[in-house]
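Let me begin by presenting the structure, written as C-alpha cells, before commenting on it.
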Amino acid sequence: MFFKDKALSRSIINTFLYAFSTCAIKVVLGFFLAVYLTGNIRLKRTLRSMVFFPHLVSSVAVGITFAALMHPSRGLFNKVIIFLGGQGINWLGNPDIALFSVIGTDVWKGLGVATVIFISGIQAIDRIYYEAAEVDGARGIQLLRYITMPLCRPAMNSVIILALVTGMKTFDLIKAMTEGGPGTATEVIALSVYKQFAAGYYGLSTAGNVIMLVVIGLIAYPLQKFLISREE
C-alpha cells in the first residue's frame with residue numbers, strides 16, 4: 001500500500017537524493033574548509049566560530065529565514081541577482097530546483113559540524129609525519145593527499161555516517177521551507193509520515209516509520225562496517 005502511493009514513493013527517491021547529496025557536499029567542503037582553518041591564517045578562531053554558528057540556530061528558524069530570502073519577488077537573493085543584471089529564480093516554487101535549494105540550505109546549516117570534526121581529526125595528526133614527508137621532498141598537494149587524507153579517515157568516516165543518517169531522517173527544515181512542495185518535489189519520508197499521521201492514516205504512517213528505520217539501518221550499518229574496514 002505504501003509503495004503504491006506515488007507521493008509516498010516519490011518521497012523515498014527524494015530522501016535518497018537529499019541524504020546522499022548533502023552528505024557528499026558536507027564531506028568535500030568540510031574537509032577543505034578544515035584544512036584551510038588549520039593552516040597558518042589570521043583570525044583563525046573567529047573564522048571557526050563563524051563557520052560553526054549556523055549549527056547553533058534552530059532548523060525551523062533557518063528554514064523560515066531562507067524561505068524569505070528565496071522569495072521570488074521580495075527575496076534578497078533575487079534582488080541581488082536582478083541588481084547584477086540577471087533574472088530572478090523561483091527557488092522554492094520551481095519543481096526542478098526546489099529540492100536543491102533546500103539541500104543548499106541544509107549544507108549551509110550543517111557544514112560547521114563536519115568542519116569541526118575534520119579540524120579535530122587534522123589536529124590529531126602527529127607533526128612528525130609531515131616533517132618526514134617534507135624531508136623526502138613532499139610539498140602542498142602531496143602532503144594533503146598522502147598524509148592528511150589517509151590519517152584523517154576516522155574523522156571522515158564519522159562525518160559520512162552522521163551526515164547521511166541526518167539527511168535520511170530530515171524533517172524540520174523541509175517542513176519550514178516548502179512543506180514538501182511544490183507538489184511532491186521536496187517530499188521526504190519523514191514529512192510523508194507526518195502528513196499521513198495528521199490526516200488520520202495511521203497504518204500508512206506506521207508503515208512509513210518502519211520503512212525509514214529499515215532503510216537507515218540497511219544503509220548505515222553496512223556502510224559503517226565498510227568504512228571501518230578501510231580505516232583499519
Side-chain angles (χ1 to χ4, degrees), residues 2-30 32-33 54-55 57-114 159-160 162-199 201 204-205 208 211-212 215-216 219:
F2 186 91
F3 294 101
K4 291 180 180 179
D5 190 306
K6 291 184 178 179
L8 297 176
S9 298
R10 175 66 183 272
S11 71
I12 297 176
I13 298 174
N14 288 343
T15 300
F16 279 108
L17 178 59
Y18 186 97
F20 283 97
S21 297
T22 53
C23 177
I25 297 172
K26 287 175 185 177
V27 169
V28 175
L29 292 184
F32 286 105
L33 193 55
H55 177 69
V57 183
S58 163
S59 295
V60 174
V62 170
I64 294 173
T65 301
F66 271 81
L69 292 173
M70 294 178 180
H71 191 278
S73 59
R74 300 191 299 272
L76 179 61
F77 290 170
N78 277 348
K79 286 186 177 181
V80 172
I81 293 174
I82 294 172
F83 176 78
L84 295 175
Q87 190 173 7
I89 302 172
N90 194 0
W91 301 96
L92 301 177
N94 185 340
D96 295 327
I97 65 172
L99 184 62
F100 297 101
S101 299
V102 182
I103 287 173
T105 305
D106 185 283
V107 170
W108 178 85
K109 185 184 186 311
L111 184 61
V113 175
V159 173
I160 291 173
L162 181 63
L164 190 60
V165 172
T166 301
M168 291 291 292
K169 63 184 184 66
T170 186
F171 168 77
D172 43 5
L173 185 63
I174 293 180
K175 179 69 169 63
M177 291 187 71
T178 65
E179 295 192 5
T184 58
T186 59
E187 192 96 355
V188 291
I189 296 178
L191 188 58
S192 289
V193 169
Y194 167 80
K195 288 183 176 180
Q196 296 299 326
F197 185 84
Y201 298 107
L204 275 178
S205 64
I211 289 172
M212 184 166 62
V215 167
I216 292 175
I219 292 177

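Of all the heavy atoms in E179 and K195, the pair that sits closest is O-NZ, 2.7 Å. In this structure, L92 and A67 approach most closely via the heavy-atom pair CD1-CA, 3.8 Å. Here the shortest heavy-atom pairing between T186 and T178 reads OG1-OG1, 2.6 Å. When all heavy atoms of P182 and G93 are compared, the closest pair comes out as CG-O, 3.5 Å. Of all the heavy atoms in T166 and L162, the pair that sits closest is OG1-O, 2.7 Å. Taking every heavy atom of both residues into account, K79 and S73 meet most closely at CE-O, 4.2 Å.
Listed for the S11 side chain is no donor-acceptor partner under 3.5 Å among the backbone atoms of E187. For the pair T15 (side chain) and I189 (backbone), a donor-acceptor distance under 3.5 Å is present. A donor-acceptor contact shorter than 3.5 Å is absent between the side chain of S205 and the backbone of V193. The backbone N or O of I89 lies less than 3.5 Å from a partner atom in the side chain of N78, making a donor-acceptor pair.
For K175, there are no side chain to side chain donor-acceptor pair (under 3.5 Å) partners at least two apart in sequence or on another chain. For F77, the ring-ring contact (aromatic ring centres under 6.0 Å, His included) test picks out no residue, with sequence neighbours left out. Scanning for ring-ring contact (aromatic ring centres under 6.0 Å, His included) contacts around Y201 gives an empty result, with sequence neighbours left out.
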Stepwise side-chain contact (heavy atoms from CB on, under 4.5 Å) test for N90 and I97: CA-CA 8 Å; N90 194 0; I97 65 172; 5.7 Å; no
Verdict with reasoning, M212 to M168, per side-chain contact (heavy atoms from CB on, under 4.5 Å): CA-CA 8 Å; M212 184 166 62; M168 291 291 292; 6.0 Å; no
Go through it in stages, so that I can follow the logic: the residues are K26 and D106, the test is side-chain contact (heavy atoms from CB on, under 4.5 Å), and I'd like the CA-CA distance, side-chain angles, deciding distance and then a yes or no. CA-CA 9 Å; K26 287 175 185 177; D106 185 283; 2.8 Å; yes
After noting the C-alpha distance and the side-chain angles of F100 and L17, does the key distance pass the side-chain contact (heavy atoms from CB on, under 4.5 Å) rule? CA-CA 9 Å; F100 297 101; L17 178 59; 4.2 Å; yes
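Between K169 atom NZ and Y18 atom OH the span is 11.0 Å, to the nearest 0.5 Å. Note that CG of L164 is 9.0 Å distant from CZ of F16, once rounded to the nearest 0.5 Å. Rounded to the nearest 0.5 Å, atoms CG (L99) and CD1 (I103) are 4.0 Å apart. A distance of 11.0 Å separates CZ in F20 from CD1 in I160, rounded to the nearest 0.5 Å. Annotation: the span from T105 atom OG1 to M177 atom CE amounts to 3.5 Å, rounded to 0.5 Å. For the atom pair CG (L173) and OG1 (T22), the distance works out to 10.5 Å, reported to the nearest 0.5 Å.
Annotation: F171, atom CZ; neighbour count of heavy atoms from other residues, nucleotides and ligands within 6.0 Å is above 12.
With ring centers used as reference points, W108 lies under 6.0 Å from F66.
A heavy-atom distance below 4.5 Å is found between the side chains of L29 and I25.
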